[in-house]
Amino acid sequence: MSASHTTCFRAALIPVLASVLAFTAPVAHAQPKPVSYGDDYAHIVDLQGRYIFAQDFNDADGYAAVFTEDGVLDWAGGEIKGRDAIRKFKADGVYNLSKNAENAAWPATTRHFITNTVVTVDGDTAKAWTYWFQANNNTADRKSFYGLYGHYEDDLRRVNGQWLFSRRAIYNEGVKGRTKAGTKNPVK
Amino acid sequence: MSASHTTCFRAALIPVLASVLAFTAPVAHAQPKPVSYGDDYAHIVDLQGRYIFAQDFNDADGYAAVFTEDGVLDWAGGEIKGRDAIRKFKADGVYNLSKNAENAAWPATTRHFITNTVVTVDGDTAKAWTYWFQANNNTADRKSFYGLYGHYEDDLRRVNGQWLFSRRAIYNEGVKGRTKAGTKNPVK
Amino acid sequence: MSASHTTCFRAALIPVLASVLAFTAPVAHAQPKPVSYGDDYAHIVDLQGRYIFAQDFNDADGYAAVFTEDGVLDWAGGEIKGRDAIRKFKADGVYNLSKNAENAAWPATTRHFITNTVVTVDGDTAKAWTYWFQANNNTADRKSFYGLYGHYEDDLRRVNGQWLFSRRAIYNEGVKGRTKAGTKNPVK
């Protein structure tokens, strides 16, 4: 290549490199890992639903899976610390509220309904507050009875992109010592 | 143009073309049609709400509109196949639970409340599981009564960008043959 | 610089400028302010939850904060106009339903549960429809009682990026004059 061509070629390299950077950099710049409140809220409400289905259907693995490894469940019976202990707690049936009533054609069920979820996200942690109430049909004719209600106060942590409960506290307005009656709005 | 200019010009063409590609390609690359769990979850929960408002307010068109054309409703009375059949089913009032009680100042209502929605998305299909319970005030003084509860197991399909039910199965813990009591967690 | 180098340099400028434009324009083009249904739906449902927590925990500031400055609350007692009037209304306890029953170990509570939220967004305004029902344990042994139910019809406005209620109408199927029994599906 002649000297003028070489210089010309080198001069042309700069925009080529710039074009390559332009091609790659905007993609890297324009596609940050998406963090949207809609995604966080949806995953957290979905997680809450998975907790309840697992609880009500006596699925100990599913119940424990929604917690971080060091997750804590704080309930009327005290604190259960760590996912393994939570799995055992559920599997042992301490919290198993489904019992067969006599003379019933099919098993009784208990159901916990969750509503009003409020979520505040702060990076890879979040807080959530959710109402719950409970019904069951542990009656001879399987007529339903609507009973206790309360709310959850949750700390969550995003682990490998997945939201999990790091701490779940269950409050119950029908159980002495577990009520939040008369206290201030817990939502932050 | 002299030979050296021509060569120079051709050499400069390459980065120009690259720049044009850089300008266009990242846009095409950086703006795929957005598919986010938050959008899918929100549309599916919203769809569930639209189903219920239509059901409780006896809106047969709105009730059918949430199903795909070939959608199936699987309930205690059997399977209803296809959106037209579903519309007719609703319009015929087989499922119309609102009746006037005697001596009442305004009509009675029935209301179905849905909670705990869990959603798993797989491309343009999804599965969802949701609790429901029912109340009505078909009493002389319009005092409310909280009754049956159960859950939905849904298959959904995204049709022209809109999530619709392709199959909705209604389980009811107070109706023999429609319960899921004693079965495993249905959530996947 | 020689004439051929100058021309070559100028020829190379064009792709350099194009590269710079390619670098900047796609970013400006690829990053519009995100408006997604998932985000809107999540914020609006979260807002509904914040309203309820504030209402049930008697937090007048939190209760008023979910309304626009000119927001209107339309309830059985009439219309309350403006955020300040709404705050006063809540602080005055007209709507405070928590009362201590005799011989009870802890205060009574009232809880409102919200479900079935349907949201239609139109730019910076939205409409939402949501079911509610109420429970309380204002009984000597704090056993719960499930009572009234109804629904909200809401107009919302996005103010500085935040969704707020511009008008919230509360319907109640147990209160004469506040029912929507027998009317058409309000959802649009």
Side-chain angles (χ1 to χ4, degrees), chain A residues 4-5 7-23 25-27 29-32 34 36-42 45 113-120 129-135 146-151 173-177 179-187, chain C residues 2 4-5 8-9 11-27 29-31 34 36-43 45-50 52-54 56-59 61-63 98 100 105-109 111-115 135 137 141-146:
Chain A
S4 61
H5 283 149
T7 314
C8 206
F9 186 70
R10 286 197 208 110
L13 265 185
I14 297 165
V16 170
L17 288 174
S19 303
V20 171
L21 288 173
F23 181 82
V27 173
H29 190 263
Q31 290 289 346
S36 84
Y37 184 78
D39 282 344
D40 289 336
Y41 187 89
V45 174
F113 302 81
I114 52 173
T115 70
N116 302 31
T117 296
V118 173
V119 174
T120 299
W129 302 265
T130 301
Y131 280 13
W132 67 266
F133 68 96
Q134 180 258 355
Y146 290 78
L148 296 166
Y149 62 76
H151 71 279
E173 293 306 322
V175 172
K176 186 174 180 179
T179 85
K180 282 279 185 123
T183 68
K184 287 183 8 172
N185 187 355
V187 164
Chain C
S2 74
S4 60
H5 283 148
C8 207
F9 184 69
L13 266 183
I14 298 167
V16 170
L17 289 173
S19 304
V20 171
L21 288 172
F23 181 81
T24 51
V27 174
H29 191 262
Q31 292 288 345
S36 84
Y37 184 78
D39 281 344
D40 290 334
Y41 187 90
H43 280 300
V45 174
D46 176 82
L47 186 78
Q48 304 232 12
R50 288 173 190 275
I52 296 284
F53 268 94
D56 290 348
F57 284 83
N58 301 312
D59 171 9
D61 290 337
Y63 187 81
S98 302
N100 288 326
W106 63 93
T109 49
R111 294 287 182 259
H112 296 78
F113 301 82
I114 52 173
T115 70
N137 63 358
D141 57 358
R142 293 288 175 263
K143 282 271 160 39
S144 48
F145 170 77
Y146 290 77

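Chain A is the first sequence line, chain B the second, and so forth, proteins listed ahead of strands; every chain is numbered from 1.
Distance OG1/C:T109 to CZ/C:F57: 8.0 Å, rounded to 0.5 Å.
Only the side chain of A:V187 has a heavy atom closer than 4.5 Å to any heavy atom of chain C. The part of C:Y146 that comes within reach of chain A is its side chain, from C-beta onward, which places non-hydrogen atoms under 4.5 angstrom from that chain. The contact between A:K176 and chain C is made by backbone and side chain atoms together, counting heavy-atom distances below 4.5 Å.
With sequence neighbours excluded, the residues satisfying side chain to side chain donor-acceptor pair (under 3.5 Å) with C:Y37 are B:D46. Checked against side chain to side chain donor-acceptor pair (under 3.5 Å), A:T130 has the following partners two or more places apart in sequence or in another chain: A:Q48, A:T117.
Options C:G62, C:A54, C:A135, C:S144 differ in how many heavy-atom pairs under 4.5 Å they form with chain A, and the most are formed by C:S144. By number of non-hydrogen pairs under 4.5 angstrom with chain C, the leading residue of A:N185, A:T115, A:I114 is A:N185. Note on C:L47, C:V45, C:D40: by heavy-atom pairs under 4.5 Å with chain A, the leading option is C:V45.
By the 4.5 Å heavy-atom criterion applied to side chains, A:W129 and A:N116 are not counted as neighbours.
At least one donor-acceptor pair closer than 3.5 Å links the side chain of C:D56 to the backbone N or O of C:H112.
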